[in-house]
Amino acid sequence: MMEENKDLKNRIAIITGASGGIGSAAAVDFAKNGASGIIIADIDKEKALNVISNIENSFSCKCIFVHTNIGNVQDIENLFETAVAEFKTLDILVNCAGVTNTFSIDEVNPQQWDKLMSINLRGTYLCCREAFKIMRANNYGKIINISSISGRIGGYVTGIDYVTSKGGIIAMTMSLAKIAGPFNINVNAVAPGFIDTEMTKDFTHFNPETVPLRRIGKPQDVASVITFLASEKSSYITGATIDINGGTFMS
Ligand SMILES: NC(=O)c1ccc[n+]([C@@H]2O[C@H](COP(=O)([O-])OP(=O)(O)OC[C@H]3O[C@@H](n4cnc5c(N)ncnc54)[C@H](O)[C@@H]3O)[C@@H](O)[C@H]2O)c1
């Protein structure tokens, strides 16, 4: 039997939004690749506990759930304190928590703008900031942010607030990559196209025939790239945003 690949052997990771489609696929892929500790940071406890039992039934990986509203500063501080108390260190952060909408510009009023930004953009930033403090002291770390094809092309049907947040994540990734590079910390992003998850279940307009690879993306399509960016296989990549969209947008 071929030996299983262990690119993330003994690594400790926080994955925000890991109760959801892409985040949970990343959590399973991390465990499969040898991660020994995963912290699931989400607002959905029920789904998180399912992800944890799936992982702990199949892999030798300790998983914990930390209820975290990524829009809440105290929750984020508590998340990182809990991670260090539980696992002593942190090697990988994946910022996957996010919300979307299909609002018109009239619906994206100041309250809506601030609400979405506090999760998608400020939440990502504050998690990066907390992780950076720990990783800088360790002179090691991998941060992977989740942007979107929307941030590349201005979106199809998503609100201007969502599109802006995902464009901002690309810029934030480059800025932090420059700040964190001297401390041996890689900071990268992925920009998925249409991926089949809870988030896109009502986006029935999408026609897979418009995708050069002629199919909708699966969470695993994104998870395997996140694992690559969390591993030493990508050790000379930083500040990059990798498109995962079946060829819908090419740059
Ligand atoms: N599905 C797609 O087509 C697609 C495409 C591009 C980018 N993305 C991005 O991928 C990421 C994951 O999305 P997904 O497709 O897996 O969707 P999903 O809805 O399955 O997962 C999103 C997760 O984020 C969590 N979440 C929402 N608000 C939160 C908050 N305030 N605090 C903590 N957790 C919160 C949800 O509970 C859920 O578990 C998102 O950032 C999304 O914008 C998705």
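Atoms within each ligand, like the ligands themselves, are counted from 1 in listed order. All heavy atoms count here, side chains included; hydrogens, waters and symmetry mates do not.
For atom 16 (O) of ligand 1, the closest non-hydrogen atom on the protein side is I22 N, 2.8 Å. The shortest contact between atom 40 (C) of ligand 1 and any protein heavy atom is with C96 O, 3.3 Å. Scanning the protein for heavy atoms near atom 43 (O) of ligand 1, the closest one is Y162 OH, 2.7 Å. Residue, atom and distance of the protein heavy atom nearest to atom 41 (O) of ligand 1 are K166 NZ, 2.9 Å. The nearest protein atom to atom 22 (C) of ligand 1, hydrogens excluded, is given as G98 O, 3.9 Å; this is a heavy-atom distance.
Donor-acceptor pairing under 3.5 Å is recorded for the side chains of T173 and N145. Under the 3.5 Å distance criterion, with hydrogens and angles disregarded, no donor-acceptor pair is assigned to the side chains of D44 and S19. For the 3.5 Å distance criterion, the side chains of N188 and S234 fail to qualify, holding no donor opposite an acceptor.
Cation-pi check for K45 over F65 is not met; the charged atom does not lie both under 6.0 angstrom from the ring centroid and within 45 degrees of its normal.
By the criterion of a heavy-atom distance under 4.0 Å, the side chain of T197, and not its backbone, is placed next to ligand 1. The parts of I43 lying near ligand 1 are both backbone and side chain, judged by heavy-atom distances below 4.0 Å. The backbone and the side chain of I70 each have at least one atom closer than 4.0 Å to an atom of ligand 1 (non-hydrogen atoms only).
Annotation: G20 places an N or O atom under 3.5 Å from an N or O atom of ligand 1; distance criterion only. For ligand 1, the polar-atom distance check against S148 finds no nitrogen or oxygen pair separated by under 3.5 Å. Polar contact with ligand 1: absent for F194 (N/O pair, distance under 3.5 Å). The shortest N or O to N or O distance between N69 and ligand 1 is below 3.5 Å. Looking at I195 next to ligand 1, an N or O pair under 3.5 Å apart turns up.
No salt bridge links K9 with E232; every basic N to acidic carboxylate O contact stays at or beyond 4.0 Å.
Applying side chain to side chain contact (heavy atoms under 4.5 Å, CB included) to F80 and the options I134, V66, L126 leaves one that passes, I134.
Under the 4.0 angstrom criterion for non-hydrogen atoms, G193 is in contact with ligand 1.
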